Amino acid sequence: MDAGRHGSRSPCGLFSLLLAAAGTPSPVFRRRDSAPFVRPYRPGASFLPCVPLLRVAANGSTAPGITRTWLEVPTQYLVVELNKNLESGKEYALYSKFAGELADDLAGFYRSVYKAGNKTRLIATTQMEPTDARKAFPCFDEPAMKATFNLTLIHNPQLTVVSNMPPISTSEKLIEGKKWQATIFKTTPKMSTYLLAFVVSDFIKVESTNNGVKTGIWGRKEAIEENQGAYALNVTGRILHFYEQYYNIHYPLPKSDQIGIPDFSAGAMENWGLITYREAALFLHPSESSLKNKERALIAMAHELAHQWFGNLVTMRWWNDIWLNEGFATYMEYQGADHVEPTWNIKDLMLFNEIYPVMDFDALATSHPLSMKEDEVNTPEEIVALFNAISYRKGAAVIRMLRTFLTEKLFMNGLRSYLLANQYGNTVYRDLLDHWQKAVDNQTLVKLPKSIKEIMDTWVLQMGYPVVTVNTTTGQITQEHFLLDPQSNVTRQSEFNYTWTIPITSMKNGVKQADTWLQKTTATVEAFKVDTASWILLNTNATGYFRVNYDQENMRKLLHQLETNPNAISPADRAQIINDAFNLARAQRKNITSALDTTRFLSNETEYMPWQAALMNLKYFELMLDRSSVYGSMMKYLKKQVQPLFQHFKRLTNNWTVLPDGPMAQYNEVNAISTACSCGIQECLTLASDLFKKWKENPAINPIPPILRYTIYCNAIAQGGEAEWDFAWKKFQTETVATEAETLRLSMSCSKDPWILNRYLEYSMDPTKIRRQDALSTMNAVAGNPIGQSIAWDFICSQWKKIYAQFGGSLFAFSELINGVTRRFSSECELKQLEQFKKDNEQAGFGTGGRALEQALEKAKANNKWMKENKESVRLWFEAEAGHST
């Protein structure tokens with residue numbers, strides 16, 4: 001990371017090291033099992049005054065001398081130039097003095113603060129991924145440069161230390177007259193630098209042993225004593241055992257610790273044997289945390305534990321293949337979570353959590369392939385920028401598609417072979433494909449039209465995804481690159497000319513059909529012809545990563561089926577019909593009113609998945625229209641559609657006094673209440689204000705079920721004023737349960753008072769009020785409020801340099817901030833503002849949000865076009881459907 005961004009430190013400790021012999025034209029650094037990796041010297045780069053601190057030693061010969069050192073600024077390499085070449089077959093040792101600052105920047109080795117009663121406590125913790133191990137110790141900070149680590153921590157004897165491996169000894173040390181304790185840890189397995197972790201704290205733990213592996217949950221004393229780690233401890237061993245069986249490799253370490261950190265930039269981090277989390281992603285209060293909180297924690301744990309094999313045991317060679325780590329762990333998290341909670345139907349949530357959101361980003365001309373070329377990913381900022389929705393979510397979607405056409409057995413066989421052959425090593429993504437190909441070659445039941453490589457290269461090496469158009473009169477199907485703006489300029493070239501090898505599942509009149517493949521631009525499939533009494537549905541359960549565009553007659557029959565007997569089509573497929581229709585309309589491939597027609601049947605729908613798909617897509621309409629005259633008629637229509645659902649859950653929950661069974665029903669209860677309140681149904685608004693008022697009158701007892709708290713808090717604060725906001729703020733300041741604190745923090749952004757929202761934005765920049773980890777998501781929450789959007793935009797524009805200085809290197813939140821605060825932009829004036837913002841701040845930079853800014857500009861142009869083309873027809877449709885034509 002850039003030293004200037006994080007304050008003063010010894011420059012020698014910040015950077016990876018390169019060795020170069022004098023007279024060579026550029027420094028050469030060899031990554032393990034790869035060709036020479038050359039970074040050219042940049043004249044004028046900063047010179048590091050480290051020569052007096054360095055020496056080189058060699059076995060059996062005179063060591064080379066050091067001529068000079070310099071810093072390669074973009075790549076953060078410290079280059080050490082020697083007066084002669086190193087000799088093959090000899091060992092050399094390079095020594096450097098090192099000093100680093102224990103800053104509060106949430107990166108490398110950093111400090112975190114929390115309150116225990118009235119006392120302020122400090123802890124020291126780590127976050128190395130992707131390129132911050134160099135801030136903790138001098139190292140060759142690249143994933144292919146694996147090593148074993150021998151760690152000794154010297155610390156206050158009153159504190160506890162924990163690292164990747166168990167401690168093997170402790171001893172007392174006297175330093176400057178003060179007693180310290182030295183804890184030595186067992187040597188780690190061979191692993192990448194970014195997986196090293198250590199924490200110094202006053203935390204305590206709960207622990208157990210499962211199948212010979214010690215599992216521990218560490219955290220603040222108060223959290224552990226309140227039993228907030230009980231669920232994590234209960235499921236960790238079960239998830240590990242599931243993965244041991246799935247991968248057919250025993251967990252490689254003697255223990256698995258997980259620890260909740262008060263200040264943590266990401267959601268969680270898979271450090272081998274010591275997984276770090278935000279508290280809200282690990283700890284669950286027995287009575288204060290909801291089923292949604294429980295699902296979030298379970299998925300987070302299943303993700304990080306999946307990494308212990310896929311990512312830690314076998315690691316990608318370079319960051320251009322980070323999707324191998326993250327996409328696979330994102331896919332596997334749903335398998336591990338489903339194993340622990342099989343009645344939750346948790347795999348279905350992958351559609352809404354991962355696949356639908358990433359398809360929006362991947363339909364932009366500014367998207368990028370899953371696997372980038374190595375020479376496209378050089379600097380820390382370019383590396384961090386790849387930790388995005390494409391790597392995580394599209395990676396998971398493509399793996400899910402592959403597993404479907406490969407079958408579970410072949411998928412698992414290839415995976416096991418891959419892990420066994422490459423354990424403790426590094427790979428590129430084609431190594432994994434080779435093992436799946438071997439699994440296919442060793443059997444005769446599954447026939448593929450091409451090799452695994454030929455199929456998957458079209459999905460991995462080119463950005464975007466296709467839309468498949470079907471003509472049910474002729475059976476003809478065609479594919480085309482799907483773009484939200486078909487006129488956008490795609491500058492990235494593709495060796496496949498943006499065609500894909502597409503596996504297509506289908507169903508005719510509710511009966512599954514034989515699978516087929518679309519290998520060219522156009523083909524004819526006899527099975528896709530239908531008579532006048534039949535309909536066909538493609539891409540069942542949305543297992544393929546593409547959209548489907550039906551001819552008008554087949555779409556009419558599908559809608560008739562939904563309105564007469566929707567149960568003939570699964571909830572997932574009902575959701576898919578809605579989602580495809582809305583996105584095809586945004587891309588001008590369908591009339592906008594035909595997409596709105598897919599929502600008519602919702603007045604009789606009670607399942608979560610169709611409602612969630614509709615609300616996700618109508619959110620775009622809300623963002624475009626909530627400041628226009630059309631918004632009123634839209635809300636009247638939605639009010640008519642949601643009223644039956646609201647009454648359904650009122651009856652089901654005995655007037656909101658009991659919870660419905662299972663996650664899907666509880667999530668749809670939240671949809672019913674939040675939508676009813678946003679549409680102005682008075683019964684809903686009264687419910688929210690009355691429940692909040694009861695809590696205010698008796699703050700010690702919260703009468704609101706945890707699953708409903710955000711919805712109730714948000715609507716009560718929106719209806720209220722300063723008193724309601726201040727009550728929530730006081731509760732937030734003293735809240736010790738992380739999930740409840742997060743709910744309060746986000747709900748306070750719902751205020752309709754501009755001065756309160758502006759004050760809240762100012763609070764977000766003060767780490768004594770809002771933790772650094774939560775600052776950007778708080779700004780984003782305010783921007784999500786129609787009243788807060790312009791306030792947040794003005795605040796971010798005026799504070800950009802300060803925000804960039806503090807958060808420009810954030811893994812996820814910085815890009816999300818840029819996307820979130822600009823997502824309503826649709827007018828010519830807003831587009832000009834965004835372009836001017838880019839121009840004004842080019843010198844300061846955009847850090848990890850550079851690509852997000854380009855995508856924001858692309859989306860703003862598409863939004864502007866959408867408004868011009870659709871606003872009037874949308875107004876007429878809503879007015880007619882709401883029964884209030886004017």
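What's counted below: heavy atoms across the whole structure, side chains too, no hydrogens, waters or symmetry copies. Just so it is clear, the model here is predicted, and its values are computed rather than measured. Numbering starts at 1 and runs along the sequence shown.
Applying the salt bridge (charged side-chain N to carboxylate O under 4.0 Å, His left out) rule to pairs touching residues 416-434 yields Arg430-Asp457, sequence neighbours excluded. Among pairs with a residue in residues 320-332, none fulfils salt bridge (charged side-chain N to carboxylate O under 4.0 Å, His left out), at least two apart in sequence or across chains.
Applying the salt bridge (charged side-chain N to carboxylate O under 4.0 Å, His left out) criterion to Glu244, with sequence neighbours excluded, gives no partner residue. With sequence neighbours left out, Lys255 forms a salt bridge (charged side-chain N to carboxylate O under 4.0 Å, His left out) with Asp257. In this structure Thr236 satisfies the side-chain hydrogen bond (donor to acceptor under 3.5 Å, both in side chains) test together with Gln258, sequence neighbours excluded. In terms of the salt bridge (charged side-chain N to carboxylate O under 4.0 Å, His left out) criterion, residue partners of Glu854 (sequence neighbours excluded) are, by chain and number, Lys838. Scanning for salt bridge (charged side-chain N to carboxylate O under 4.0 Å, His left out) contacts around Glu354 gives Arg393, with sequence neighbours left out. Applying the side chain to side chain contact (heavy atoms under 4.5 Å, CB included) rule to Ala396 yields the partners Thr330, Tyr331, Met350; only residues at least two apart in sequence or on another chain are considered. Every side chain to side chain contact (heavy atoms under 4.5 Å, CB included) that Ser417 has, sequence neighbours left out, goes to His435. Here Tyr429 pairs with Trp323 under the ring pair (Phe, Tyr, Trp, His ring centres under 6.0 Å) rule; sequence neighbours left out. With sequence neighbours excluded, no residue forms a ring pair (Phe, Tyr, Trp, His ring centres under 6.0 Å) with Tyr277. Checked against side-chain hydrogen bond (donor to acceptor under 3.5 Å, both in side chains), Asn841 has no partners two or more places apart in sequence or in another chain.
In this structure a side-chain-to-backbone donor-acceptor pair under 3.5 Å is present from Ser451 to Glu454. Panel note: side chain Thr215, backbone Ser256; no donor-acceptor pair is recorded below 3.5 Å. Although no hydrogens or angles enter the test, the distance criterion places a donor-acceptor pair under 3.5 Å between the side chain of Trp309 and the main chain of Ile249. A side-chain donor-acceptor contact under 3.5 Å links Trp318 to the backbone of Val377. Using a distance-only test at 3.5 Å, with no hydrogens or angles considered, no donor-acceptor pair links the side chain of Tyr247 to the main chain of Met412.
Side chains of Asp141 and Tyr194: no donor on one and acceptor on the other come within 3.5 Å. Side-chain contact of Glu270 with Trp272: a donor-acceptor pair under 3.5 Å is absent, judged by distance alone. Checking Lys146 against Thr315 by side-chain atom types alone, a donor-acceptor pair falls below 3.5 Å. Side-chain polar atoms of Asn164 and Thr188 form no donor-acceptor pair below 3.5 angstrom. Side chain to side chain, Asn150 and Thr187 meet the donor-acceptor criterion of an N or O pair below 3.5 Å. Asp104 and Ser112 form no side-chain donor-acceptor contact under 3.5 Å, judged by distance and modelled atom types alone. Between the side chains of Glu72 and Thr75, no donor-acceptor pair of N or O atoms lies under 3.5 Å.
Between Phe109 and Phe198, the distance separating the two ring centers is shorter than 6.0 angstrom.
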Exercise for the section: I would like to know whether Ser367 and Asp362 meet side-chain hydrogen bond (donor to acceptor under 3.5 Å, both in side chains); could you show each step before the answer? Expected result: CA-CA 5 Å; Ser367 186; Asp362 207 20; 2.6 Å; yes

Practice task
Any chance you could lay out the side chain to side chain contact (heavy atoms under 4.5 Å, CB included) test for Phe203 and Ile123, step after step, and finish with the verdict?
Solution key: CA-CA 9 Å; Phe203 287 178; Ile123 72 168; 3.8 Å; yes

Problem - Worked check of side chain to side chain contact (heavy atoms under 4.5 Å, CB included) between Thr193 and Phe140 - result: CA-CA 8 Å; Thr193 50; Phe140 293 101; over 6 Å; no

Exercise for the section: Please lay out, stage by stage, how Phe361 and Asn819 fare under the test side chain to side chain contact (heavy atoms under 4.5 Å, CB included). Expected result: CA-CA 10 Å; Phe361 285 99; Asn819 284 318; 3.6 Å; yes

